[in-house]
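Below is one structure, written out as structure tokens; comments come after it.
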Amino acid sequence: MMNEALREINRGTAEIIDSERIEKLLKAYFEEGKNYTVKAGFDPTAPDLHLGHTVLLQKLAIFQKYGGRVQFLIGSFTAMIGDPTGKNATRKVLTKEDIVKNIESYTTQAFKILDKEKTDIVYNNEWLDDLGAAGMLQLASNLTVARMLERDDFSKRYASQTPIAVSEFMYPLLQGYDSVYLKSDIEIGGTDQKFNLLMGRQLQKAYEIKKQQAVLMMPILEGLDGVNKMSKSLGNYIGVTDAPNDMFGKVLSVSDELMWRFYELLSAKTLDEIASLKAGVEDGSLHPKKVKEALAIEITARFHSDEEAKNAKEEFDKVHTKSQIPTDIDEFSCEGDIWIAKALLDCNIEPSTSQARRDIKQGGVKINQEKVTDDKLQLTTGEYLLQVGKRKFAKLKVN
RNA sequence: GGGGAGAUAGUCAAGUGGCCAACGACGGCAGACUGUAAAUCUGCUCCCUAUGGGUUCAGAGGUUCGACUCCUCUUCUCCCCA
């Protein structure tokens, strides 16, 4: 039992600091039923979670299974500073109103994975608001500038002569102080958070909490491009609230290589099962596309339903494999004759008439399945099915 | 507080008086090809009913027939010294 728990906890992790501590906590749970706390911080800078976040959430759910109480920390205070992590530019600072708005949708999404009964949602402005200038300075005395500059993203920005705001230096300290206040036993985060996570340990020691949190780091999930980390600002993400069709299609669009990362970090399949899938693909007995479809269905079903996942797969086959027309197409209408390029712009499937004309010249535009060759074409009264490229569709009714 | 360097399209980055809507790279879009939206190859990539017109190179002025390129001021950033 204990070993199984450890195996699940270790799965997919990038690094664990102080794993003895985790073993002790688990032992205490199995032998004496003692619970422990697992902290994870979330920045409510965007209202939507994506699969990159769920890697952490799934790990938290594992801890909940084995006696952990999750401290779901909303960085309500720190969001107003802007976490420098992974950024080569100073992040935009959020207002209080923005944050409050984001939190609700954020937590409801998180509870698709987490057990609500074993989760405490905490907001760090509750204690950081009261810290005051004196407390802040005391906190800051725990860290030297030299150490701060050792941090990879800071040193890179410094070297490339991009600005660093002093307030950004405070971020790791505040995040670490959260661990002091919450007396967390374990904190989990992405590998990019290493510095911040370790700060929690250092500060717990400095403030004599008598225990230092163990740190568990998960790898950063790559985005759809397979290179950069999944993030909303890069637009390479799969959102938890994405429609089933989108979600399915996005998973299927990842490269064969990246698929295995997704399997390891997102699938509920055991590592043994994944290994046998991989072997199957390598010896040619399994088609990689089938394996990827299975993953896409699993993930889609998790955030929607089995039914919707199945429909998404059928829809995808219909549109892409058989190049048929999708079921749901946005409909537009207009009064009087309209120029084709303008029509495409109005239907939101082209960004400008210039781009529309370019695509027409290249043969990328179809009306009712027929390629358009004349970029001066006028659409007269009637209904049209407009298509740009392979996957942008719109219906237009000209009155 | 003093001295120096810099700000160019989604990003990086050329261009130092006319040949500039601005090289190149990445990204993005389209086409071919495929198992998909992967890989590869090709084309395109400020806006505009367009063999033409309009607005751009941090911002505001100025010099000039003509400025992204020269001058002045402003804003922002980086470096060195205090």
Side-chain angles (χ1 to χ4, degrees), chain A residues 86-90 92 149 154-166 168 222-229 231-238 242-243 245-262 277 280-281 284-297 299-300 312-324 326 334 336-346 348-367 371-380 386-393:
Chain A
K87 292 279 162 180
N88 49 14
T90 307
K92 207 169 44 186
L149 282 173
F154 280 140
S155 61
K156 271 186 193 145
R157 278 165 63 182
Y158 199 66
S160 67
Q161 310 198 342
T162 42
I164 302 172
V166 173
E168 295 180 72
E222 290 86 350
L224 299 175
D225 52 31
V227 181
N228 296 303
K229 78 177 215 176
S231 87
K232 185 154 189 168
S233 48
L234 292 174
N236 62 355
Y237 68 104
I238 301 177
D242 280 357
N245 287 350
D246 288 342
M247 195 178 269
F248 185 90
K250 282 181 181 175
V251 175
L252 217 51
S253 79
V254 305
S255 68
D256 290 358
E257 200 186 340
L258 185 61
M259 163 172 83
W260 298 115
R261 286 279 288 168
F262 276 46
L277 285 177
V281 169
S285 63
L286 270 176
H287 196 293
K289 195 192 172 197
K290 292 284 168 218
V291 179
K292 206 181 292 173
E293 264 176 12
L295 177 70
I297 288 173
I299 290 175
T300 308
K313 181 199 176 311
E314 278 162 17
E315 181 73 11
F316 189 90
D317 285 347
K318 187 177 165 191
V319 178
H320 299 287
T321 312
K322 298 174 191 152
S323 342
Q324 291 175 350
C334 70
D337 293 2
I338 186 165
W339 176 42
I340 176 67
K342 187 79 170 54
L344 295 168
L345 178 67
D346 288 349
N348 297 328
I349 50 177
E350 285 286 20
S352 71
T353 57
S354 298
Q355 181 66 42
R357 291 163 63 109
R358 267 176 233 126
D359 285 339
I360 291 168
K361 277 182 197 143
Q362 294 183 122
V365 174
K366 287 181 187 167
I367 294 178
K371 200 171 277 186
V372 178
T373 48
D374 177 12
D375 68 357
K376 289 195 170 63
L377 185 69
Q378 291 289 333
L379 298 180
T380 52
L386 307 175
Q387 180 181 2
V388 176
K390 289 192 183 88
R391 55 184 210 278
K392 282 179 285 191
F393 291 89

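In what follows, every chain begins at residue 1, and chains take the letters A, B, ... in the order their sequences are listed. Heavy atoms only: backbone and side chains are in, while hydrogens, waters and symmetry mates are out.
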Problem set entry | A:Ile360 CD1 to B:A50 C1', straight-line distance once rounded to whole Å | 13 Å
Exercise. Just how far is it from atom NZ of A:Lys371 to atom CD of A:Gln362, taken to the nearest 0.5 Å?
Worked result: 11.0 Å
Exercise. Tell me: CZ of A:Arg357 to C1' of B:C46, nearest whole Å?
Worked result: 15 Å
Problem set entry | Rounded distance (Å) that lies between atom C1' of B:A38 and atom CZ of A:Phe316 | 11 Å
Problem set entry | Interatomic distance where CZ belongs to A:Arg261 and C1' belongs to B:A38 [whole Å] | 18 Å
Problem set entry | From A:Ile340 atom CD1 to A:Thr353 atom OG1, the distance as rounded to the nearest 0.5 Å | 12.0 Å
Exercise. Can you tell which of B:G35, B:A50, B:U49 lies closest to the side chain of A:Lys289?
Worked result: B:G35
Exercise. So what's B:U77 paired with, Watson-Crick or G-U wobble, going by both distances under 3.5 Å?
Worked result: B:A5
For this session: Would you kindly give the CG-to-P distance between A:Asp256 and B:U36, to the nearest whole Å?
Result: 12 Å
Exercise. How does each nucleotide of nucleotides 20-32 of chain B score, in 5' to 3' order, for protein heavy atoms under 4.0 Å: base (B), sugar-phosphate only (S), or none (-)?
Worked result: ---------SSS-
Exercise. Can you tell me how far P of B:C78 sits from CZ of A:Phe154, to the nearest Å?
Worked result: 13 Å
For this session: Answer with base, sugar-phosphate or nothing: what part of the nucleic acid does A:Ser352 contact at a heavy-atom distance below 4.0 Å?
Result: sugar-phosphate
Write down the protein N/O and nucleotide N/O pairs, taken from nucleotides 4-8 of chain B, whose separation is under 3.5 Å; answer none if there are no such pairs.
none

Problem set entry | Candidate nucleotides B:G35, B:A50, B:A38, ranked by approach to the side chain of A:Ser255 - the nearest | B:A38
Seminar exercise, completed: From CE of A:Met259 across to P of B:G35 the rounded distance in Å is 16 Å
For this session: Send over the distance from A:Glu293 CD to B:A37 C1', rounded to a whole Å.
Result: 14 Å
Exercise. Between the side-chain atoms of A:Lys342 and the base atoms of B:U49, is any donor-acceptor pair under 3.5 Å?
Worked result: no
For this session: Using both distances under 3.5 Å as the test, list the Watson-Crick or G-U wobble partner of B:A25, or none.
Result: B:U11
Problem set entry | Minimum-distance nucleotide to A:Ser354 side chain [options: B:U49, B:A50, B:U36] | B:A50
Seminar exercise, completed: Looking only at B:C44, B:A37, B:G35, the nucleotide nearest the A:Arg358 side chain is B:C44
For this session: Considering only atom P, compute the distance from B:U63 to B:A14 and round it to an integer number of Å.
Result: 32 Å
Exercise. Who is the Watson-Crick or G-U wobble partner of B:G18, with both distances under 3.5 Å?
Worked result: B:C65
Exercise. How is A:Lys292 classified with respect to the nucleic acid when contacts are heavy atoms under 4.0 Å: base, sugar-phosphate, or nothing?
Worked result: base
